[in-house]
Amino acid sequence: MKRIVILGAGGFAREVRWLLDEINAAALEWRFTGYVVTDLSRLGEHDDRESVRGDVSWLESHVSEVDALAVGIGNPAVRLELGAALKKRLPGLSWPALVHPTVRIDRGSCTLGEGVLLCAGAIATVNVQFEAFSMVNLSCTIGHEAVIGEGAVLNPTVNISGGVVLGRGVLVGTGAQILQYVKVGDGATVGA
């Protein structure tokens with residue numbers, strides 16, 4: 001089993017841990033090593049303090065005990081920033097695409113970049129591109145030829161029609177619907 005650390009310790013980080021558990025229920029792949037945060041002094045009431053191993057310096061000093069990283073933070077800008085910074089600081093670690101067993105995608109034509117997270121119940125049809133560090137939350141649907149840009153985050157139950165292009169760092173709010181062939185620019189927020 002590959003050893004994986006989740007960046008962040010809040011609600012979405014715990015969902016990523018659940019994602020790992022669900023993947024392991026289908027076929028043992030991942031050993032959860034713990035959470036790492038950027039600032040221990042900022043841990044809040046919703047963070048899983050028990051499983052926090054430390055901050056990024058802990059990760060650097062224990063890099064031989066880790067094979068992979070996953071970003072458990074739902075903010076697009078933070079996902080991109082952490083991914084870029086830690087890829088430079090820790091180039092030997094992988095950023096696997098994590099796909100819940102209930103996700104339905106055309107694996108023959110869809111592409112998944114590094115660090116992509118596809119959560120339970122998501123559906124993507126054909127020729128969908130998931131760029132690095134993008135995240136698709138629970139029960140989203142994505143149509144043909146859509147592009148989910150680098151670091152883009154789709155909150156639960158988003159519906160993306162065919163041909164939609166989401167730019168880098170886009171946030172799409174819960175339940176939003178984006179009609180076919182719309183392009184959403186870098187850093188934009190689409191309301192819930």
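This is a predicted model, so every value here is computed, not measured.
Listed for the D39 side chain is a donor-acceptor partner under 3.5 Å among the backbone atoms of S41. R49 contributes a side-chain N or O that, together with a main-chain N or O of L43, makes up a donor-acceptor pair within less than 3.5 Å. The main-chain N or O of E131 is found under 3.5 Å from a side-chain atom of S134 such that the two form a donor-acceptor pair. Side chain of D48 to backbone of A9: no donor-acceptor contact under 3.5 angstrom is found. Remark: side-chain polar atoms of T157 are not paired, donor with acceptor, to backbone N or O of S139 under 3.5 angstrom. Here the side chain of D106 pairs no donor or acceptor atom with the backbone of T125 at under 3.5 angstrom. The backbone N or O of H46 lies less than 3.5 Å from a partner atom in the side chain of R14, making a donor-acceptor pair.
In the hydrophobic clustering of ILVMFWY residues, with side-chain heavy atoms under 4.5 Å counting as a link, V172 and V184 come out together. Under the 4.5 Å side-chain contact rule for hydrophobic residues, V164 and L112 share a cluster. Both V158 and V136 are assigned to one and the same hydrophobic cluster, defined by single-linkage of ILVMFWY side chains at heavy-atom distances under 4.5 Å. Follow the hydrophobic side-chain contacts under 4.5 Å out from V126 and you never reach V99; the two are in separate clusters. Under the 4.5 Å side-chain heavy-atom criterion for ILVMFWY residues, no single connected hydrophobic cluster contains both V37 and V56.
Counting heavy atoms from C-beta on, the side chains of L69 and L59 come closer than 4.5 Å. With contacts defined as side-chain heavy-atom distances shorter than 4.5 Å, the pair V153/R79 qualifies. Residues I142 and I148 are in side-chain contact: their nearest non-hydrogen atoms beyond the backbone lie under 4.5 Å apart. No side-chain heavy atom of L19 sits under 4.5 Å from any side-chain heavy atom of R17. L86 is not listed as a side-chain neighbour of E60, based on a closest heavy-atom distance of 4.5 Å or more. L98 places a side-chain heavy atom less than 4.5 Å from the side chain of I23. Residues L20 and I6 form a side-chain contact, since some pair of their non-hydrogen atoms from C-beta on lies under 4.5 Å apart. Using a 4.5 Å heavy-atom cutoff, the side chains of F130 and L118 are in contact.
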For a side chain to side chain contact (heavy atoms under 4.5 Å, CB included) check, start with the C-alpha distance between R53 and Y35, then their side-chain angles and the critical distance, and finish with the verdict. CA-CA 6 Å; R53 299 295 173 242; Y35 300 110; over 6 Å; no
Decide side chain to side chain contact (heavy atoms under 4.5 Å, CB included) for L166 and K183; before the verdict, give the C-alpha distance in whole Å, the side-chain angles of both, and the deciding distance to 0.1 Å. CA-CA 6 Å; L166 301 181; K183 291 184 180 181; over 6 Å; no
Full working for side chain to side chain contact (heavy atoms under 4.5 Å, CB included) between L82 and T38: CA-CA 9 Å; L82 276 175; T38 56; 3.7 Å; yes
So L117 and F12, side chain to side chain contact (heavy atoms under 4.5 Å, CB included) or not? Walk me through it. CA-CA 11 Å; L117 301 176; F12 187 65; 3.8 Å; yes
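Residues satisfying the side chain to side chain contact (heavy atoms under 4.5 Å, CB included) test with L80, not counting sequence neighbours, are E150, R168. Shown here are the ring-ring contact (aromatic ring centres under 6.0 Å, His included) partners of H144, two or more places apart in sequence or in another chain: there are none. Applying the side-chain hydrogen bond (donor to acceptor under 3.5 Å, both in side chains) rule to S61 yields no partners; only residues at least two apart in sequence or on another chain are considered.
Atom CG of residue L138 and atom OG1 of residue T102 lie 8.5 Å apart, to the nearest 0.5 angstrom. With rounding to the nearest 0.5 angstrom, the CD1 atom of I105 is 12.0 Å from the CG atom of N127. Note that CD of E114 and CZ of F133 are 4.5 Å apart. Values are rounded to the nearest 0.5 Å. Atom CD in E29 sits 9.5 Å away from atom CD1 in I4 (nearest 0.5 Å). The SG atom of C140 lies 5.0 Å from the CG atom of L154; values are rounded to the nearest 0.5 Å.
Taking the six-membered ring where the residue is Trp, H100 and W18 present tilted rings, their angle falling between 30° and 60°.
Scanning all heavy atoms of the two residues, the minimum distance from G151 to P76 falls at O-CB, 3.3 Å. Looking at every heavy atom in both residues, A146 comes nearest to S161 through CB-O, 4.3 Å. Contact detail for A124 and V128: the closest heavy-atom pair is CB-CG2, 4.1 Å. What you find for A68 and P96 is that their closest heavy atoms are CB-CD, 3.7 Å.
By the 4.0 Å N-to-carboxylate-O rule, D67 lies close enough to R3 to be salt-bridged with it.
Counting non-hydrogen atoms of other residues, nucleotides and ligands closer than 6.0 Å to CD of E81 gives a total of 12 or fewer.
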